[in-house]
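Each remark here refers to the structure printed beneath this line.
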Number of protein chains: 2
Amino acid sequence: MHTHGNPKVSSSAEEYLLTLYRLESSGERAGSSQLAKMFGVKAPSVTGMLRRLSERGWVRYQRYRPPELTEEGRRVAVYLVRRHRLLETFLVRFLDYSWEEVHEEVQQLEHTVSDSLLNHIDRKLGHPNYDPHGDPIPDEHGNMPEHKLVPLTRLEEGSQAEVGRVDNRSRHLLTVLGEIGAFPGANVTRLAGTSNGKLSVRVGRREIQIDGDVARLIWVKPNRSGSAAS
Amino acid sequence: MHTHGNPKVSSSAEEYLLTLYRLESSGERAGSSQLAKMFGVKAPSVTGMLRRLSERGWVRYQRYRPPELTEEGRRVAVYLVRRHRLLETFLVRFLDYSWEEVHEEVQQLEHTVSDSLLNHIDRKLGHPNYDPHGDPIPDEHGNMPEHKLVPLTRLEEGSQAEVGRVDNRSRHLLTVLGEIGAFPGANVTRLAGTSNGKLSVRVGRREIQIDGDVARLIWVKPNRSGSAAS
DNA sequence: TGACTAAGTTCGTCATGCCTAACTTTGAAC
DNA sequence: GTTCAAAGTTAGGCATGACGAACTTAGTCA
Ligand SMILES: [Mn+2]
Ligand SMILES: [Mn+2]
Ligand SMILES: [Mn+2]
Ligand SMILES: [Mn+2]
């Protein structure tokens, strides 16, 4: 249904759109050989795929230049993001997956799940707005819920906040945070003291030291009172 | 894990193995053009696929003769049956699918679901032995639980029985039986009277007349006391 | 024993995705 | 401005899975 009138998309093609979308969202751009590395293929395969995607109108592509998604391509990608995040949420909430495992597991599934199944899942989950990592789940029209979050590093010492989103690029971070229960929704307090690049945080009754680099991957919603700093 | 050391199976190839297995189980055999019809492809495509399957050792195939599964091919097929039936069970029990819809929905999924996901599902379901239609679910070793059932037509008039399995080839039958709650486990009583080829059955407090042809698709487990007839 | 038809196969072709080897472009360093 | 390495593309090949057209086989009926 939501693939509109599109003449079928293969898993590979979908993977390209998704990746291009994620790159675009984070302001990065990648050329053929970088994409090749990401997909675990060789550069000529990328060139070939980009040509096909561009013929189908999902990607704007001129040789020797980094590709860009078309509006159409972005629409397909956003719907894929929806599938991905709904599936992640489902696996965590209904099948006891941990938030570290789930991204991997969804890689194949996201390309196969039917609109019908996705709707059943969405309904069963109560139409969630965020996935287990706090990433927004686009609705059926591609609208992305936004929350205004601040990286943990910007939280004033002594202030409280709610965990909003944890960047899922570091599996290790997810494991650590999972162990202390620092999931989206959890309450955190930034404690005073910043010894050698690390900052201290209290979650529940536990305290941990987090490296600055890593803390930047944790996004929080400060509790009412002002709190932006640094 | 359970695909052993097999050098990857495509969805199409899996579909062939599954179909050949189902044909073999029901004692039928089909040649290329019949298979072609089932898969919605043309005959030459079947010949090609059978050649590939036979090269990989999953099918014994000599031209102009109906193909047969090898032991190896059967093993793959049985594991597919497991995936199919577990998924059906899951969709019905956890995602509010009806037992009519579920077979269709699982067609794609059965080829994509990872062993890990399947294990999670199996665990969550409590390692079920039968799917929503009463079909046995093979365990991880390919062992099929068997139940000794009798077609409804063989049930003595006046006897009670438990619905064991409903052949899922007639969607309409599934709908009708679903409406009166005649799922596996339900209690049925065969009533006296067999007007023009139909036989009467009571399920719960409702009575229905079922055509003989159709009743043969319903398999029951008679309640202790003897009951085979006709 | 043929003859004929339906079933089945072979052949050449296409699209998708992937590869290696060989070539071209780009852009940065000099 | 020229040079040169890295990035990117083209060309040619392979496997899969599908197609139509043309050919072969099997089995039935005379
Ligand atoms: Mn994927
Ligand atoms: Mn996520
Ligand atoms: Mn299938
Ligand atoms: Mn079933």
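Nothing here was measured: the structure is a model prediction, and the numbers come from that model. Residue numbers begin at 1 in each chain, while the letters A, B, ... track the order of the sequences.
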Given side chain to side chain donor-acceptor pair (under 3.5 Å), test A/His84 with A/His103 step by step and report yes or no.
CA-CA 8 Å; A/His84 185 97; A/His103 181 83; 3.0 Å; yes
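Between A/Tyr64 and A/Lys42, it is A/Lys42 whose nearest contact on DNA chain C lies nearer the 5' terminus.
Bending across the helix from C/dT1-D/dA30 to C/dC30-D/dG1, expressed as the angle between its end axes from five pairs apiece, amounts to 10° (10° rounding).
The nearest whole Å value for the distance from the CD atom in B/Glu14 to the P atom in D/dG17 is 11 Å. We find that CG of B/Leu35 is positioned 16 Å from C1' of D/dA18, with the value rounded to whole Å. Atom CD in B/Gln62 sits about 11 Å away from atom P in D/dA26, given to the nearest Å. As rounded to whole Å, 13 Å separates atom P of D/dT9 from atom CD of A/Gln34. Rounding to whole angstrom units, NZ of residue B/Lys37 and P of D/dA18 are separated by 17 Å.
Side-chain N or O atoms of A/Tyr97 include one that pairs as donor or acceptor with a backbone N or O of B/Leu117 at under 3.5 Å. Of the possible polar contacts, one joining the B/Ser26 side chain to the B/Leu23 backbone as a donor-acceptor pair under 3.5 Å is found. Side chain of B/Ser54 to backbone of B/Arg60: no donor-acceptor contact under 3.5 angstrom is found. At least one donor-acceptor pair under 3.5 Å links the side chain of A/Glu101 to the backbone N or O of A/Ser98. A/Arg165 places no side-chain N or O within donor-acceptor distance of the main-chain N or O of A/Asp135, the cut-off being under 3.5 Å. No donor-acceptor pair under 3.5 Å is formed between the side chain of A/Trp58 and the backbone N or O of A/Glu72.
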Distances under 3.5 Å between nitrogen or oxygen atoms of protein and nucleotides 10-16 of chain D:
{"from": "D/dT16", "atom 1": "OP1", "to": "B/Arg56", "atom 2": "NH2", "distance (Å)": "3.0"}

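The two atoms that bring A/Ala30 and A/Pro66 nearest to each other are O-CB, 3.8 Å, heavy atoms only.
Protein chain B contacts DNA chain C over a range whose 5' and 3' limits, counting nucleotides with an atom under 4.0 angstrom from a non-hydrogen atom, are C/dA7 to C/dT10.
Between B/Arg22 and B/Glu28, none of the side-chain N atoms (NZ, or NE/NH1/NH2) sits under 4.0 Å from a carboxylate O, so this pair counts as no salt bridge.
Nucleic acid contact class of A/Ser12 (heavy atoms, under 4.0 Å, all strands): sugar-phosphate only.
In this pair, A/Phe90 and B/Phe90 present their aromatic rings perpendicular. The plane angle is above 60°, beyond the 30 to 60° band.
Screening B/Glu88, B/Glu14, B/Glu140 against B/Arg83 for a salt bridge (Lys or Arg N to Asp or Glu O under 4.0 Å) leaves a single residue, B/Glu14.
In terms of phosphate contacts, A/Ser33 brings no side-chain nitrogen or oxygen within less than 4.0 Å of OP1 or OP2 of D/dA7.
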